[in-house]
Amino acid sequence: MRASSATGRGTARVLRRPAKVIRLPNPRRARYRRAIRISGALVAMICLGAILARVYWPAPRPADPAPLAPIGPQESALLRMTNQVRARFGLSALALSRPLMAAARFHSADMAARGYSSHDGPSGDSPADRVRRFGLNYQEVAENIFAGEQTIDAALPSRVLAAWMANPERRGNLLNAGFHSTAIGISRASDGSWYVTQDFIR
């Protein structure tokens, strides 16, 4: 059966539909979007590479000093001078702590190896972190550090103590009646500079 039309009987009606329009992308806009995507991917790759480098390739650290190594002559001299100063102020002598000596020696060796002078290491470790690392419990911890140029070995302890006594904060650590234990670690850098750490705990 055929449908009727206005032009004559028996002619099929042609249904017209609106044409589908496909818009071509703007070449300039497409290049801009592609550049944005590539830039974003590069930034993400750089960030990921930096994170991986920090995790898997940390800065070199010195080997841990032997916790039970005997106290050296300079360390012994500085400990003796510390207790002599405390005695002049009516304070009790500080006992030498072997585990604390390991923490002090570790920090001095780290400063000497990486050439910095700070209580916090480049990796973010603090004096409290180092004390806990070597298995010590404490109520309070304090630290004095010294970094100096070449000097005669025998003159180092007196030079360090004089520098600490001239500094109010470090003098306060030396003369703190609450501390009962201490330890000293001394290390020398390849350029001859000295690095000294003295830790105190109670």
With the 4.5 Å side-chain cut-off for hydrophobic clustering, are [X] and [Y] part of the same group?
X: V141; Y: L91; value: no
X: L100; Y: L79; value: no
X: V196; Y: F179; value: yes

If you measure only the distance, is there a donor-acceptor pair under 3.5 Å linking the side chains of S118 and D120?
no

When you compare the side chain of [Y] with that of [X], does any pair of heavy atoms fall below 4.5 Å?
X: L94; Y: F200; result: yes
X: I145; Y: E143; result: yes
X: S181; Y: L96; result: no
X: R88; Y: N83; result: no
X: S92; Y: R86; result: yes
X: L161; Y: L174; result: yes
X: W194; Y: V160; result: no
X: L78; Y: W164; result: yes

Over all heavy atoms of both residues, which pair between [X] and [Y] is shortest? Give the atoms and the distance, please.
X: N173; Y: A142; answer: OD1-CB, 3.4 Å
X: Y116; Y: G121; answer: OH-CA, 3.5 Å
X: P157; Y: A77; answer: CG-CB, 3.9 Å

Would you compute the distance between atom [atom1] of [X] and atom [atom2] of [Y] and round it to the nearest 0.5 angstrom?
X: L156; Y: Q74; atom1: CG; atom2: CD; result: 5.0 Å
X: M111; Y: S193; atom1: CE; atom2: OG; result: 11.5 Å
X: S97; Y: H180; atom1: OG; atom2: NE2; result: 9.0 Å
X: R105; Y: I71; atom1: CZ; atom2: CD1; result: 7.0 Å

Between R130, H119, M101, H107, which is the residue that forms a side-chain contact (heavy atoms from CB on, under 4.5 Å) with T197?
H107

With the threshold set at 4.0 Å, does a side-chain nitrogen-carboxylate oxygen contact exist between D125 and R132?
no

Any salt bridge between D110 and R114, counting N to O under 4.0 Å?
yes

Chi angles and distances behind the side chain to side chain donor-acceptor pair (under 3.5 Å) call for T182, Q198:
CA-CA 7 Å; T182 189; Q198 184 172 19; 3.1 Å; yes

Given 3.5 Å as the limit, does a donor-acceptor pair link the side chain of [X] with the main chain of [Y], or not?
X: D129; Y: S126; value: yes
X: S76; Y: G72; value: no
X: E140; Y: I201; value: no
X: S187; Y: Y195; value: no
X: S158; Y: A155; value: yes

Report, as yes or no, whether the 6.0 Å neighbourhood of atom CG on D191 holds more than 12 heavy atoms from other residues, nucleotides or ligands.
yes

Would you check, one step at a time, whether the test side chain to side chain contact (heavy atoms under 4.5 Å, CB included) holds for F146 with R170?
CA-CA 10 Å; F146 173 89; R170 292 168 182 172; 6.0 Å; no

